[in-house]
Amino acid sequence: MTLSHTIASAPGKVLLTGGYLVLEQQFQGLVVGTSARFYTIITPSDEPGIQVRSPQFDGGNWHYTLTVQPDFQLTPSSGTSRNPFVEASLRFTLALVREKVGRSAFGVLSTDCIITILGDNDFYSQQAQLEKLGLDSSYGSLAGLPPFADTMTSLKDVHKTGLGSSAALTTSLVAALCAHFKAVDLDNQKDRTLVHNLAQFVHCFAQGKVGSGFDVSAAVWGSHRYRRFNPQVLASIMDQQVDGTLLLKHLSADSFGWDNEVAPFKLPPGFDLILADIDAGSHTPTLVGKVLAWRKANPTTANALWVELGSYNSKVEQVLRDLTTAEQKEPVLYKAVIEKCSRHKASEWASLPETNEVISKMVQLVHNFGHVRRLLREMSQLSEVPIEPIEQTQLLEACLEVEGTVIAGVPGAGGYDAIFCIVLSDKAKQQVRQVWQGWSALSVGPLLSKADSKGVTLVELADVPGLANSL
Ligand SMILES: Nc1ncnc2c1ncn2[C@@H]1O[C@H](COP(=O)(O)OP(=O)(O)O)[C@@H](O)[C@H]1O
Ligand SMILES: C[C@@](O)(CCOP(=O)(O)OP(=O)(O)O)CC(=O)O
């Protein structure tokens with residue numbers, strides 16, 4: 001018998017602009033999908049129950065029993081640890097599938113299966129692997145690691161790199177289950193929206209709160225400009241006992257109340273995103289809690305700051321869109337400008353002898369992003385939260401000293417966690433990575449990820465190197 005696998009894959013994310021602001025519906029965030037992705041593989045099995053494996057982790061095994069009659073119930077086997085994201089994905093997706101496809105859904109296809117979850121190496125620190133192999137933490141060493149490497153630790157203790165593992169995992173698992181039981185066609189816009197709404201619900205339920213949801217949105221739609229949904233849309237169904245009927249009613253594409261916005265977005269041609277993980281570990285929820293508490297206590301100052309930052313975030317987005325349009329209209333000029341700018345520091349572009357519309361857009365981009373960073377530092381100082389702490393400022397400035405670096409910043413909530421740079425040439429990429437490698441004030445580890453605008457998809461086993469070997 002040939003085993004037919006169903007495999008869904010969803011990307012990680014980098015929030016370029018909109019940290020904190022994106023929590024409110026009034027503001028938007030610019031989020032870019034990463035080439036690092038999660039994969040969920042469903043394989044039918046002769047063994048009873050649903051066995052879930054995460055082979056990259058110690059203790060990455062969970063087992064569930066599903067009963068459909070008389071009541072629909074998912075029961076985790078006793079004696080094993082719990083995984084809230086896996087459990088909520090299974091419970092609510094299977095309930096919704098049964099409602100949507102009809103009661104026969106699990107008659108035709110048995111729910112006895114093995115589910116394998118794999119996350120690209122970039123989602124987790126590879127320090128232990130590299131040390132074991134006697135390698136440094138350079139880009140080259142990382143690139144030489146086998147795909148889906150064993151992290152040699154547990155999910156509880158692993159150091160995450162901030163690409164959004166739980167959102168990519170939840171989205172790939174929800175989509176794989178929906179596709180396996182023929183409840184959705186991911187090429188159909190309404191079905192994709194259902195997968196989005198369901199993944200948002202599952203993710204919020206598992207994390208115990210309704211967040212902004214930009215990470216799940218990126219896992220489903222890939223890169224875009226994000227405006228959040230009204231949190232009320234989920235509040236009324238955040239209940240362990242919610243049944244399939246209610247879930248389908250609230251989560252289908254036509255259901256009332258979903259007012260989130262997704263506007264397609266891509267970095268302009270020739271712009272390459274590179275990322276580094278900083279091994280200092282700030283805790284995002286703590287940063288967010290403190291910033292929001294300060295905002296509440298100082299509404300007038302905070303509102304003015306939020307509005308100004310929102311307006312500069314929009315300016316950054318608009319210039320990036322203008323540059324994409326310029327490339328379509330005048331590809332030769334555009335290419336020449338990118339080439340020219342890649343040979344100079346961004347701070348020198350304003351005084352280049354040539355003047356044309358593309359150069360002036362590049363200069364505006366540098367100016368506007370510089371202002372975004374100034375406002376984030378102001379937010380840092382006022383709220384006494386290290387959003388772009390001085391150590392990060394120094395590192396970002398050093399990256400901007402490299403010829404061909406356009407933008408350097410802290411993604412998402414900021415902190416000591418991570419930085420991103422956008423560069424115009426391979427040479428700039430290598431030089432920025434050299435800056436990182438030689439940076440002694442912080443431990444800066446490169447990631448392999450690039451920007452990739454593709455959202456959740458179904459894939460074949462043979463399409464992804466390393467997937468078949470990990471089963
Ligand atoms: N490879 C994986 N397999 C199973 N569960 C995972 C995996 N990666 C992440 N998770 C789930 O996501 C949780 C981490 O979520 P969270 O702390 O919100 O991190 P992040 O910011 O990366 O989303 C883990 O505790 C686990 O429940
Ligand atoms: C502050 C925020 O707006 C952005 C946080 O973005 P990060 O990308 O830093 O998030 P984590 O994946 O939780 O580390 C909070 C939010 O929108 O949820």
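Read the numbers this way: they start at 1 and go in the same order the structure lists the ligands and their atoms.
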Report summary line: shortest atom 27 (O) of ligand 1-to-protein heavy-atom contact is with Asn83 OD1, 2.8 Å

Query raised in the report: In the protein, which heavy atom is nearest to atom 10 (N) of ligand 1, and how far is it?
Result: Leu169 CD2, 3.6 Å

Report task. Starting at CZ of Phe148, measure out to OG of Ser54 and round the result to the nearest 0.5 Å. Result -> 12.0 Å

Query - Ligand-side contact atoms (ligand 1) for residue partner Phe57, heavy atom cut-off under 4.0 Å - result: 1 (N)

Query raised in the report: Is there any N or O on Asp215 that sits under 3.5 Å from an N or O of ligand 2?
Result: no

Report summary line: Per-atom filter on ligand 2: closer than 4.0 angstrom to a heavy atom of Val22 are 3 (O), 17 (O)

Query raised in the report: Are any of the heavy atoms in Phe38 under 4.0 Å away from ligand 1?
Result: yes

Query raised in the report: Can we say Lys429 and Asp272 salt-bridge, meaning some charged N sits less than 4.0 Å from an Asp/Glu carboxylate O?
Result: yes

Report summary line: ligand 2 to Gly412, heavy atom cutoff 4.0 Å, flagged ligand atoms 6 (O), 7 (P), 8 (O), 9 (O)

Query raised in the report: How about Ser138 and Ser141: does a side-chain donor come under 3.5 Å of a side-chain acceptor?
Result: yes

Query raised in the report: Would you call Arg227 and Glu24 a salt bridge, using N to O less than 4.0 angstrom?
Result: no

Requested in this report: Would you tell me whether Thr170 and His203 have side-chain atoms, one donor and one acceptor, within less than 3.5 Å of each other?
Outcome: no

Report task. State whether Arg91 and Glu87 are salt-bridged, where the test is any N-O pair (Lys NZ or Arg NE/NH1/NH2 against Asp/Glu carboxylate O) under 4.0 Å. Result -> yes

Query - Phe265-His224 aromatic ring centre distance below 6.0 Å - result: no

Requested in this report: Could you tell me whether ligand 1 has any atom less than 4.0 Å away from a heavy atom of Gln207?
Outcome: no

Query raised in the report: Is it true that Glu317 and Arg225 make a salt bridge, defined as a side-chain N closer than 4.0 Å to a carboxylate O?
Result: yes

Report task. Indicate yes or no: does an N/O atom of Tyr124 lie under 3.5 Å from an N/O atom of ligand 1? Result -> yes

Query raised in the report: Any idea which atoms of ligand 1 are less than 4.0 Å away from a heavy-atom of Gly164?
Result: 22 (O), 23 (O)

Requested in this report: Taking the six-membered ring for Trp and the full ring for Phe, Tyr or His, determine whether the centres of Tyr124 and Phe57 are under 6.0 Å apart.
Outcome: yes

Query - Under 4.0 Å to a heavy atom of Gly19 - the qualifying atoms of ligand 2, by number - result: 3 (O)

Query raised in the report: What is the closest protein heavy atom to atom 17 (O) of ligand 1, and at what distance does it sit?
Result: Lys160 NZ, 2.5 Å

Query raised in the report: Looking only at N/O atoms, are Ser166 and ligand 1 under 3.5 Å apart anywhere?
Result: yes

Report task. Hey, can you tell me if His196 and Trp258 have their rings parallel, tilted or perpendicular (30° and 60° cut-offs)? Result -> perpendicular

Query raised in the report: Where is the tightest heavy-atom contact between Ala88 and Ala206, given as atom of each residue plus distance?
Result: CB-CB, 4.2 Å

**Report entry** Pair Glu378 + Arg373, salt bridge at N-O below 4.0 Å
**Finding:** no

Query raised in the report: Looking at ligand 2, does any of its N/O atoms fall within less than 3.5 Å of an N/O of Phe214?
Result: no

Query raised in the report: Do the side chain of Tyr39 and the main chain of Ile117 share a donor and acceptor less than 3.5 angstrom apart?
Result: no

Query raised in the report: At a 4.0 Å threshold, what atoms of ligand 2 neighbour a non-hydrogen atom of Val288?
Result: 1 (C)

Query - For Ala413, atoms of ligand 2 separated by under 4.0 Å from a heavy atom - result: 1 (C), 4 (C), 5 (C), 6 (O), 7 (P), 9 (O)

Query raised in the report: Short list, please: which atoms of ligand 2 are under 4.0 Å from a heavy atom of Ser212?
Result: 16 (C), 17 (O), 18 (O)

Requested in this report: Write out the residue and atom name of the closest protein heavy atom to atom 4 (C) of ligand 1, then the distance separating them to 0.1 Å.
Outcome: Ser54 OG, 3.2 Å

Report summary line: Residue, atom and distance of the protein heavy atom nearest atom 24 (C) of ligand 1 read Leu155 CD2, 4.3 Å

**Report entry** Non-hydrogen protein atom less than 4.0 angstrom from atom 15 (O) of ligand 1
**Finding:** yes

Report summary line: ligand 2 atoms nearer than 4.0 angstrom to some heavy atom of Lys13 are 7 (P), 8 (O), 10 (O), 11 (P), 12 (O)

Report summary line: among protein heavy atoms, the one nearest atom 9 (C) of ligand 1 is Ser165 OG, 3.5 Å

